[in-house]
**Student:** 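Have a look at the structure that comes next, please.
FYI, side chains are in, hydrogens and waters are out, and symmetry mates aren't considered; it's all heavy atoms of this structure.
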Amino acid sequence: FHREIYLRRIDVVQLEYTALGQYACDFRRIAAVLFEHDIYFQSIARALPFMRSPIERFAARFEYLRALRFELRALRACDEIQVCTEQNRRYLAEFAPQLAPRIDAGLRAGIDVSGYAFPGGPREPFTMLFVGSYRHIPNQVAISWFTREVMPLVLERIPEAKLVIAGSDPPPPHAIPHLPGAIELAGFVEDIRPLLERCTVFVCPIRSGSGIRVKLLEAFASGIPVVSTRLGAEGLADEDGGLCGLADDAAGFAERIAELLRNPARAATMAALARREVEAKWDMQVVIARLVARYRELAAQKRGGEMPLLR
């Protein structure tokens, strides 16, 4: 790591994920920046209510304390800490007020919007899509809650409704409720875009974790209307019925899905608003421009006002 700094003309050291915070240093003329894709100790705390085993809960509480100690110490050596959302920034600042001036939100998460066809289609009627690796615990919690508590309520309203679950390491069939013909386990797919174009409603029943859900940005860009928990849409949407439907209880979640499945015109209006939002704020070209401008400021500060080339 240090050899690369000595051999190359480095202006900024960008560290990805909390674990790499151990490599942050107070460099004399180089800016050290850490991007927290999620605030790790916050993610652990949010997962605790969904752990059933006492042993699992004890281990998680110990890991929370360990992560809190490590994370707050590591961040002190950084010139800037980047987080995904304003909510993440405020949460982290509550634990480390002295770091608040160095925490920036909204500089990193983004997608290449032009790579997603809009409005997509033709769409298969009454199909819902869930995307996420099953190795990620928040996805396990989400799909368990959705299939056991929300899906039966959706089927009461729309018996022909169907859920497609896409992502690596999908749950085995015996791990989800027996709903004949209503659930398709697509497993890992090389390109998620065909499914985003084909299905009618994207569901994000996330109940734990932290940071921006890039899968929501992809859904917004693809013209598929979204129903999410408020935590799942954190940093992207906070008004029910604006960019997406929002609900935290099973009945409300099912009702918002049913509304969009039954009302294509309403779904299309919501999807168009979401596409405009992601184009304006989350397109990678917009994000890169903000990020480069911020890197120039940080590097100039470390160099006493001398502006770097930032090749």
Side-chain angles (χ1 to χ4, degrees), residues 35-38 82-91 103-121 123 127-132 138 142 166 191-207 209-248 252-253 255-257 259-261 263-294:
F35 178 38
E36 299 236 81
H37 291 258
D38 66 351
Q82 295 169 349
V83 294
C84 286
T85 69
E86 178 60 24
Q87 292 90 331
N88 288 161
R89 189 196 68 77
R90 291 198 301 265
Y91 182 84
I103 306 173
D104 267 337
L107 285 171
R108 291 294 307 278
I111 61 170
D112 179 8
V113 178
S114 65
Y116 296 83
F118 180 84
R123 298 193 179 275
T127 53
M128 297 165 285
L129 174 62
F130 174 87
V131 174
D191 187 349
I192 197 62
R193 287 173 292 185
L195 280 175
L196 289 170
E197 295 174 20
R198 175 191 123 198
C199 296
T200 308
V201 171
F202 188 93
V203 296
C204 182
I206 295 294
R207 308 176 78 200
S210 174
I212 288 287
R213 275 79 195 176
V214 174
K215 56 189 167 189
L216 279 195
L217 297 179
E218 294 180 319
F220 288 168
S222 301
I224 178 172
V226 173
V227 177
S228 175
T229 58
R230 284 176 171 77
L231 193 152
E234 186 177 60
L236 296 175
D238 54 17
E239 179 186 346
D240 177 33
L243 302 180
C244 60
L246 295 174
D248 292 324
F253 207 101
E255 186 56 39
R256 281 153 184 79
I257 291 172
E259 289 172 2
L260 293 175
L261 290 176
N263 191 338
R266 172 76 185 99
T269 300
M270 179 182 290
L273 184 62
R275 169 75 181 206
R276 290 196 294 271
E277 176 78 3
V278 79
E279 284 177 333
K281 296 182 179 178
W282 302 98
D283 182 69
M284 192 54 74
Q285 294 304 312
V286 175
V287 172
I288 289 173
R290 290 200 303 257
L291 187 60
V292 170
R294 183 57 184 150

**Student:** Would you indicate whether the side-chain heavy atoms of S228 and L246 approach each other to under 4.5 Å?
**Tutor:**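 Side-chain contact under 4.5 Å: yes.
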**Student:** Verify, without hydrogens or angle tests, whether S222 (side chain) and L196 (backbone) share a donor-acceptor contact under 3.5 angstrom.
**Tutor:**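 It does not hold such a pair.
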**Student:** Write down the atom of P138, the atom of I206, and the distance for their closest heavy-atom approach.
**Tutor:**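 Reported closest heavy-atom pair: O-CD1, 3.9 Å.
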**Student:** Determine, step by step, whether K281 and V286 satisfy the side chain to side chain contact (heavy atoms under 4.5 Å, CB included) criterion, reporting the C-alpha distance in whole Å, the side-chain angles of both residues, the deciding distance to 0.1 Å, and the verdict.
**Tutor:** CA-CA 7 Å; K281 296 182 179 178; V286 175; over 6 Å; no
**Student:** With sequence neighbours left out, what residues match R198 under salt bridge (charged side-chain N to carboxylate O under 4.0 Å, His left out)?
**Tutor:**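 Result, salt bridge (charged side-chain N to carboxylate O under 4.0 Å, His left out) vs R198: E124, E184.
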**Student:** With sequence neighbours excluded, what pairs up with A272 under the side chain to side chain contact (heavy atoms under 4.5 Å, CB included) test?
**Tutor:**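 Checked A272 against side chain to side chain contact (heavy atoms under 4.5 Å, CB included); matches are F118, R276.
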**Student:** Mind checking what makes side chain to side chain contact (heavy atoms under 4.5 Å, CB included) contact with D248, not counting sequence neighbours?
**Tutor:**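 Only T229, R230 meet the side chain to side chain contact (heavy atoms under 4.5 Å, CB included) criterion with D248.
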**Student:** Begin with the C-alpha distance, continue with both residues' side-chain angles, and end with the deciding distance and a verdict on side chain to side chain contact (heavy atoms under 4.5 Å, CB included) for T200 and L260.
**Tutor:** CA-CA 8 Å; T200 308; L260 293 175; over 6 Å; no
**Student:** About how many Å separate CD of E86 and CZ of R89, when rounded to the nearest 0.5 Å?
**Tutor:**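 R89 atom CZ to E86 atom CD measures 4.0 Å (nearest 0.5 Å).
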**Student:** Give the minimum heavy-atom separation between A219 and V226, together with the two atoms involved.
**Tutor:**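 Taking every non-hydrogen atom into account, CB-CG2, 3.7 Å.
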**Student:** Could you give the distance from CZ (R294) to CZ (R290), rounded to the nearest 0.5 Å?
**Tutor:**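 Atom-to-atom, R294:CZ and R290:CZ are 13.0 Å apart.
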**Student:** Name all residues meeting the ring-ring contact (aromatic ring centres under 6.0 Å, His included) criterion together with F202; count only those two or more places apart in sequence or in a different chain, and write none if there are none.
**Tutor:**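 F202 satisfies ring-ring contact (aromatic ring centres under 6.0 Å, His included) with no residue once adjacent residues are dropped.
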**Student:** V131 versus E218: any side-chain heavy-atom pair under 4.5 Å?
**Tutor:**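 They are not in contact (no side-chain heavy atoms under 4.5 Å apart), so the answer is no.
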**Student:** Output all residues satisfying side chain to side chain donor-acceptor pair (under 3.5 Å) with T269, sequence neighbours left out; order by chain, then residue number.
**Tutor:**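 Result, side chain to side chain donor-acceptor pair (under 3.5 Å) vs T269: none returned.
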**Student:** Going by salt bridge (charged side-chain N to carboxylate O under 4.0 Å, His left out), name the residues that satisfy it together with E234, two or more places apart in sequence or in a different chain.
**Tutor:**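 Expected list: R46.
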**Student:** State whether the number of non-hydrogen atoms from other residues, nucleotides or ligands found under 6.0 Å of N263 atom CG is greater than 12.
**Tutor:**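 Yes - once you tally the heavy atoms of other residues, nucleotides and ligands closer than 6.0 Å, there are more than 12.
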**Student:** How far apart are the closest heavy atoms of A109 and V287, and which atoms are they?
**Tutor:**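 The pair with the smallest heavy-atom distance is O-CG2, 3.4 Å.
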**Student:** For A221, give me all partners under side chain to side chain contact (heavy atoms under 4.5 Å, CB included), at least two apart in sequence or on another chain.
**Tutor:**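 Listed in chain order: I111, V113, Y116, R275, V278.
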**Student:** Measuring from atom CG of L216 to atom CD1 of I224, what distance do you get when rounded to the nearest 0.5 angstrom?
**Tutor:**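 So the CG of L216 and the CD1 of I224 are separated by 11.0 Å.
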**Student:** So R256 and D240, side chain to side chain contact (heavy atoms under 4.5 Å, CB included) or not? Walk me through it.
**Tutor:** CA-CA 9 Å; R256 281 153 184 79; D240 177 33; 3.1 Å; yes
**Student:** Run the side chain to side chain donor-acceptor pair (under 3.5 Å) test against R193 and tell me which residues pass, sequence neighbours left out.
**Tutor:**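 Scan of R193 (side chain to side chain donor-acceptor pair (under 3.5 Å), adjacent residues dropped) gives D191.
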**Student:** If I compare all heavy atoms of G252 with all of A247, which pair ends up nearest, and what's the gap?
**Tutor:**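 Shortest heavy-atom separation between G252 and A247 comes out as C-CB, 3.5 Å.
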**Student:** Going by side chain to side chain donor-acceptor pair (under 3.5 Å), name the residues that satisfy it together with S210, two or more places apart in sequence or in a different chain.
**Tutor:**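 S210: side chain to side chain donor-acceptor pair (under 3.5 Å) contacts with Q42, N88.
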**Student:** Hey, could you give me the CG/NZ distance between L217 and K215, rounded to the nearest 0.5 Å?
**Tutor:**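 So the CG of L217 and the NZ of K215 are separated by 11.5 Å.
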**Student:** Output all residues satisfying salt bridge (charged side-chain N to carboxylate O under 4.0 Å, His left out) with D38, sequence neighbours left out; order by chain, then residue number.
**Tutor:**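 Checked D38 against salt bridge (charged side-chain N to carboxylate O under 4.0 Å, His left out); zero matches.
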**Student:** Roughly how far, to the nearest 0.5 Å, is the CZ atom of R108 from the SG atom of C84?
**Tutor:**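 So the gap between those two atoms works out to 8.5 Å.
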**Student:** Looking only at heavy atoms, which two atoms of A271 and G223 are closest? And how far apart?
**Tutor:**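 Looks like CB-O, 3.4 Å.
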**Student:** Could you grab the distance from atom CH2 of W282 to atom CG of L236, nearest 0.5 Å is fine?
**Tutor:**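 If we round to the nearest 0.5 Å, W282:CH2 and L236:CG are 5.5 Å apart.
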**Student:** Mind running side chain to side chain contact (heavy atoms under 4.5 Å, CB included) on F253 and V203 for me, showing each step along the way?
**Tutor:** CA-CA 9 Å; F253 207 101; V203 296; 4.2 Å; yes
**Student:** Return the set of residues passing salt bridge (charged side-chain N to carboxylate O under 4.0 Å, His left out) with R123 (not counting sequence neighbours), or none when no residue passes.
**Tutor:**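 R123: no salt bridge (charged side-chain N to carboxylate O under 4.0 Å, His left out) contacts found.
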**Student:** Among all residues two or more places apart in sequence or in another chain, which pass the side chain to side chain donor-acceptor pair (under 3.5 Å) test with D283?
**Tutor:**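 Scan of D283 (side chain to side chain donor-acceptor pair (under 3.5 Å), adjacent residues dropped) gives none.
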